[in-house]
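Below is one structure, written out as structure tokens; the observations come after it.
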Amino acid sequence: MSPDAADKRTSLLVWGALTIVYVVWGSTYLAIMIVIETIPPLLSGAMRFIAAGLVLATAILALRGREAFRMTAREAGGAALVGLLLLTGGNGMVATAEQHISSGLAALLVASVPLWLVVLRIAARDRPRVLTLTGVLIGFGGVAGLSLAGGDAASDGAGIVIILLASVSWSVGSFLSGRIPMPANPFSASAIEMAAGGAGLLLIGLTTGERLDPSAVSGRSWSALAYLVVMGSLVAFTSYVWLLGNAPISLVSTYAYVNPVVAVALGALVLGEPVTGPMIAAGLVIVVGVALVVSTERRGRRAVPEHETEPEPAPA
């Protein structure tokens, strides 16, 4: 194969994988909304992540052997902690919030995760660039506007508060993932995160009184749950990890402001969710702020120390 042909093939693979991350992670908010129509939110998340974690762990063992899971107790504990913050706290609260707000509004507010990460960096005495701070101020202005406007008449304050707490939990987990001991293999780390996050969701769900009645679950909820397991937690994540090693991070990071646009469009088209003028305006402000933060950080980024990793992505 000639160098030009190889470059063209790689370019096609990059854009194919990026399209998967754009569309699939953007669609997970819609899928969650369909799942929780007939399945309790926390138990649905538990089933999703325990199933995905088992499938991923089995695939790793088959392809890489036990060596892939060779890690210290501190590294395994670090992955479990990150899983609890990202999946039990972050994803669990997203599913809970979507009982009160539209999937599109949830996605727009979760898009604030890169902004919260900058706030955490400031708290850790890391001084961001001026343009980064400008993007944070712009983005949080959009978050404030969207929170006050409520997105649509069907939204309530509790759902907005829960989704903002979900964003903070995901941000803390993402922030810590590059600063605490973690397994060297990112797929093994993710399998542990999914197992721990799913177990946390199961425990909290059962403790708070959630129960699953299989006879009451609709076919479309089962289908949406299967989609979340296979496409959301396995295919899109694998595509994302592959992209980190084969595409410019500035390009990969664009998922952060493409996903909410996809989510809003799908929520309106499939579920008929209302998209109001104030919601569009505030959402655009958030996306502009996030785009400024992401682009500025990637342009000014120095080499990542060996002990740090890329921040965890923030799909639903």
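Here, residue 1 is the first one in the sequence, and each next residue gets the next number.
- Taking Ile, Leu, Val, Met, Phe, Trp and Tyr as members and joining any whose side-chain heavy atoms lie under 4.5 Å apart, directly or through other members, the hydrophobic cluster of Leu165 also contains Met93, Val161, Ile162.
- For Ser169 (side chain) and Leu85 (main-chain N/O), a donor-acceptor pair under 3.5 Å exists by modelled atom type.
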Discussion item. Quick one, Val288 with Tyr257, criterion side chain to side chain contact (heavy atoms under 4.5 Å, CB included). Give me CA distance, side-chain angles, the key distance, then yes/no.
Written reply: CA-CA 8 Å; Val288 168; Tyr257 41 93; over 6 Å; no
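- For the pair Trp15/Leu251, a side-chain contact is recorded, criterion being any heavy-atom separation below 4.5 Å from C-beta on.
- Side-chain contact between Leu212 and Met47 is present, with heavy atoms from C-beta onward closer than 4.5 Å.
- Nearest heavy atom pair, residue Ala189 against residue Ala79, reads O-CB, 4.0 Å.
- Remark: Ile20 CD1 to Thr238 OG1 distance equals 9.5 Å, nearest 0.5 Å.
- In plain terms, the two heavy atoms of Pro186 and Val241 that are nearest each other are CG-CG1, 4.3 Å.
- A continuous path of hydrophobic side-chain contacts links Met71 to Phe187 [ILVMFWY only; heavy atoms under 4.5 Å].
- With rounding to the nearest 0.5 angstrom, the CZ atom of Phe175 is 11.0 Å from the CD1 atom of Ile180.
- Side-chain polar atoms of Tyr29 and Ser102 form no donor-acceptor pair below 3.5 angstrom.
- We find the OG-CE distance between Ser188 and Met182 to be 11.0 Å, quoted to the nearest 0.5 Å.
- Using modelled atom types, one side-chain atom of Ser27 and one backbone atom of Val24 make a donor-acceptor pair closer than 3.5 Å.
- Clustering ILVMFWY residues whenever any of their side-chain heavy atoms sit less than 4.5 angstrom apart, transitively, puts Leu131 in a cluster other than the one holding Leu137.
- In this structure, the side chain of Thr38 engages the main chain of Ser218 through a donor-acceptor pair within 3.5 Å.
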Fill in: Worked verdict on Ile280 versus Val264 for side chain to side chain contact (heavy atoms under 4.5 Å, CB included)
CA-CA 9 Å; Ile280 293 175; Val264 171; over 6 Å; no
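- A pairwise comparison of heavy atoms in Ala31 and Leu228 identifies CB-CD2, 3.6 Å as the closest pair.
- Within the 4.5 Å cutoff, no side-chain heavy atoms of Tyr227 are placed close to those of Ile34.
- Formation of a donor-acceptor pair under 3.5 Å by the Asn259 side chain with backbone atoms of Val21 is found in this model.
- Under the 4.5 Å side-chain criterion, counting only non-hydrogen atoms from C-beta, Phe140 is in contact with Trp116.
- Looking at Thr132, its side chain never comes within 3.5 Å of a backbone N or O of Val293 through a donor-acceptor pair.
- For the residue pair Val285 and Ile138, the shortest heavy atom distance occurs at CG1-O, 3.1 Å.
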Worksheet item: Which is it for Leu201 and Leu43 under the side chain to side chain contact (heavy atoms under 4.5 Å, CB included) test, yes or no, and what are the steps along the way?
Response: CA-CA 6 Å; Leu201 286 165; Leu43 292 186; over 6 Å; no
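- Here the closest non-hydrogen pair linking Thr296 and Arg129 is CG2-NE, 3.5 Å.
- Rounding to the nearest 0.5 angstrom, the gap separating the CZ atom in Arg66 from the CG atom in Leu61 is 8.0 Å.
- One hydrophobic cluster holds both Tyr22 and Val270 under the rule that ILVMFWY side chains link at heavy-atom gaps under 4.5 Å.
- Transitive grouping of hydrophobic side chains (ILVMFWY, heavy atoms separated by less than 4.5 Å) brings Leu13 and Leu244 into a common cluster.
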Worksheet item: Could you go step by step and tell me if Val290 and Leu115 meet the side chain to side chain contact (heavy atoms under 4.5 Å, CB included) rule?
Response: CA-CA 7 Å; Val290 169; Leu115 310 179; 4.1 Å; yes
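- Remark: the backbone N or O of Ser103 is paired with a side-chain donor or acceptor of Glu273 at under 3.5 angstrom.
- The backbone N or O of Ser174 lies less than 3.5 Å from a partner atom in the side chain of Ser177, making a donor-acceptor pair.
- Residues Leu56 and Glu193 form no side-chain contact, since every pair of their non-hydrogen atoms from C-beta on lies 4.5 Å or further apart.
- Results of the side chain to side chain contact (heavy atoms under 4.5 Å, CB included) test with Ile122 over Leu133, Leu117, Val136 single out Leu133 as the only residue that passes.
- Remark: Ser44 OG to Asn91 CG distance equals 8.0 Å, nearest 0.5 Å.
- Leu234 and Trp222 fall within the same hydrophobic cluster, defined by Ile, Leu, Val, Met, Phe, Trp and Tyr side-chain heavy atoms under 4.5 Å apart, directly or through other members.
- Two residues are said to be in side-chain contact when any heavy atoms from C-beta on lie closer than 4.5 Å; Val82 and Leu87 fail this criterion.
- Side-chain atoms of Glu210 come within 3.5 Å of backbone N or O of Leu42 as a donor-acceptor pair.
- By the 6.0 Å contact criterion, CZ on Arg127 is open, its count of non-hydrogen atoms from other residues, nucleotides or ligands being 12 or less.
- Atom CG of Leu30 sits about 5.0 Å away from atom CG of Leu271, to the nearest 0.5 Å.
- The side-chain heavy atoms of Val110 and Trp170, taken from C-beta on, include no pair separated by under 4.5 Å.
- The aromatic rings of Trp25 and Tyr240 lie tilted to each other, with the angle between the two planes from 30° to 60°.
- Counting heavy atoms from C-beta on, the side chains of Ser233 and Arg48 come closer than 4.5 Å.
- For Ile286 against Gly142, the heavy-atom pair with the smallest separation is CG1-C, 3.5 Å.
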